[in-house]
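Here is the structure we will look at.
Side chains included, hydrogens not; waters and symmetry mates left out as well; all remaining heavy atoms used.
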Amino acid sequence: MYDLIIVGAGPGGLAAALDAHYLKLRTLVIEADKAGGALSQSYPWKGVDSFLGFHKKKGGEISDVIVRHVMDSGAEIKENECVLEITKGSHFSVKTSKGIYDSRTVIVATGIRGTPRKLGVPGEDLTGVSYSVSDPSEMKGRNVLVVGGGDSAADCALGLEEAGANVWMAHRKDELRATDENRESISRSSVKMLWSHEVVNFTGKDKLSGAVLSGKEGKKKLSIDNAVICIGSLPSTSCLEKLGITAEGSSVKVDENCMTSVEGLFAAGDMISSLKRIPQALATGEKAVYAAYKMIKNPYWK
Ligand SMILES: Cc1cc2nc3c(=O)[nH]c(=O)nc-3n(C[C@H](O)[C@H](O)[C@H](O)COP(=O)(O)OP(=O)(O)OC[C@H]3O[C@@H](n4cnc5c(N)ncnc54)[C@H](O)[C@@H]3O)c2cc1C
């Protein structure tokens, strides 16, 4: 029986894991992918902004530092193990792709990337169409279409451009929904904007070779080697469904101690924050673990 199981090893889950160790809670961290969260999975190549102390460091570098810090503290992290279902009786039962674990409390910090949103157009399953880029340098010299108009799409387009790809960015609106810095970077870059354009279909035989887009002036064909679709994702709250917890928009409702409507089940990071940034994820992870600690140590702390 663990005192605490943390689901997700992004900044939110890792911050909770570090403090849980400090508080001597018997803790297990379960991560579906590789520890590090969005930093290592979505933007290892991108320079991270607004994270005090990590000026001009890349997502992958920061991820290495924070994962090492938590691992060196002695935390137990199981990677490549997906939490499928959480149920509650006298305690929590956490069912994963590899087993079942019992715990007195749970912190869920599964982020919001969950399942990438799809365009739902013909040809989207062709090889060459993806929803993230792990190594932009692999696309050097290639023709790449980035679809989307938010910060993820802008970061992706800029990362690819910097790596030497020939980049188009198609957005269904006529302005980006991104930070001023990203808007300015895009306008200074060689990224070719296709404003008010939507993808009608992708073309190719097994492998992607083109895209057909529709815009105000009619249809347009592009010859491309890759397409990266960055139009958001569905919330990663499926493991909470049996507990009756669903996302409202992209957020799960919690009280001021990060506790959900289920006693002993806490949430942290992007899935509860209106401002989805690394510092918020760290802060809420920490807050949740102190609340879990207080609950476990009851009535001592009353
Ligand atoms: C492209 C991009 C650029 C960004 N740039 C910046 C920036 O410059 N500065 C900044 O402050 N913020 C930035 N952010 C936001 C920042 O990365 C997030 O706020 C932060 O990572 C949130 O941490 P988290 O722990 O809540 O979620 P995540 O980092 O998303 O981690 C969630 C973890 O949970 C795991 N998981 C999900 N479902 C399960 C499951 N069922 N079982 C087990 N594990 C599961 C995932 O694999 C993942 O590792 C950026 C985000 C993106 C996408």
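The hydrophobic cluster containing Met259 also contains Leu23, counting ILVMFWY residues as joined when their side-chain heavy atoms lie under 4.5 angstrom apart, directly or transitively. If you chain together hydrophobic residues whose side chains sit under 4.5 Å apart, Leu84 and Met271 never meet in one group. Both Val29 and Ile296 are part of a single hydrophobic cluster, where members link through side-chain heavy atoms under 4.5 Å apart. Both Tyr22 and Phe266 are assigned to one and the same hydrophobic cluster, defined by single-linkage of ILVMFWY side chains at heavy-atom distances under 4.5 Å. Hydrophobic clustering (ILVMFWY, side-chain heavy atoms < 4.5 Å, transitive): Val262 and Ile30 are in one cluster.
Checked by atom type and distance alone, the side chain of Ser251 never pairs as donor or acceptor with a backbone atom of Glu248 at under 3.5 Å. The backbone N or O of Ala38 sits nowhere less than 3.5 Å from a side-chain atom of Gln41 that would complete a donor-acceptor pair. Without hydrogens or angle criteria, Ser196 side chain to Lys216 main chain gives no donor-acceptor distance under 3.5 Å. At distances below 3.5 Å, at least one donor-acceptor pair connects side-chain atoms of Arg183 with backbone N or O atoms of Ala178. Panel note: side chain Glu79, backbone Lys34; no donor-acceptor pair is recorded below 3.5 Å. At distances below 3.5 Å, not a single donor-acceptor pair connects side-chain atoms of Ser189 with backbone N or O atoms of Ser187. Side-chain atoms of Ser103 do not come within 3.5 Å of backbone N or O of Val106 as any donor-acceptor pair. Looking only at distances, no side-chain donor or acceptor of His171 sits under 3.5 Å from a matching main-chain atom of Trp195. Checked by atom type and distance alone, the side chain of Asn201 never pairs as donor or acceptor with a backbone atom of Gly123 at under 3.5 Å.
Among residues two or more places apart in sequence or in another chain, the side chain to side chain contact (heavy atoms under 4.5 Å, CB included) test is passed with Ser97 by Glu81, Cys82. Annotation: side chain to side chain donor-acceptor pair (under 3.5 Å) contacts of Ser185 (sequence neighbours excluded): none. The side chain to side chain donor-acceptor pair (under 3.5 Å) check on Asp3 picks up Arg104, with sequence neighbours excluded.
A side-chain N or O of Asn182 and one of Asp155 form a donor-acceptor pair less than 3.5 Å apart. For the residue pair Glu198 and Ser214, no side-chain donor N or O sits within less than 3.5 Å of a side-chain acceptor on the partner.
Residues Ile245 and Leu265 have side chains in contact (heavy-atom distance under 4.5 Å, counting atoms from C-beta outward).
Here the NZ atom belonging to Lys58 is positioned 12.5 Å from the CG atom belonging to Asp64, to the nearest 0.5 angstrom. For the atom pair OH of Tyr101 and OG1 of Thr96, the computed distance is 4.5 Å after rounding to the nearest 0.5 Å.
Under the ring-ring contact (aromatic ring centres under 6.0 Å, His included) criterion, the residue pairs touching residues 35-62 are Phe51-Phe54, with sequence neighbours excluded. Within the structure, side-chain hydrogen bond (donor to acceptor under 3.5 Å, both in side chains) contacts touching residues 254-276 (residues at least two apart or in different chains) do not occur.
A salt bridge links Glu85 with Lys242: at least one charged nitrogen is closer than 4.0 Å to a carboxylate oxygen. Contact check on Asp151 versus Lys46 returns no salt bridge, with no Lys/Arg side-chain nitrogen under 4.0 Å from an Asp/Glu carboxylate oxygen.
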Criterion side-chain contact (heavy atoms from CB on, under 4.5 Å) on Met193 and Ile186, from CA distance to verdict: CA-CA 9 Å; Met193 285 304 308; Ile186 287 283; 3.8 Å; yes
Go through Lys118 and Glu124 one step at a time and tell me if the side-chain contact (heavy atoms from CB on, under 4.5 Å) criterion holds. CA-CA 8 Å; Lys118 299 201 169 187; Glu124 198 167 348; 3.3 Å; yes
Take Leu160 and Asn226 through the side-chain contact (heavy atoms from CB on, under 4.5 Å) test and state the conclusion after the steps. CA-CA 11 Å; Leu160 289 167; Asn226 292 85; over 6 Å; no
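The other residues sharing a hydrophobic cluster with Leu119 are Val121, Leu126, Val129, Tyr131, Leu145, Val147, Trp168, Leu194, Val199, Phe202, Leu208, Leu213, Leu222, Ile224, Ile229, Ile231, where clustering joins ILVMFWY side chains under 4.5 Å apart.
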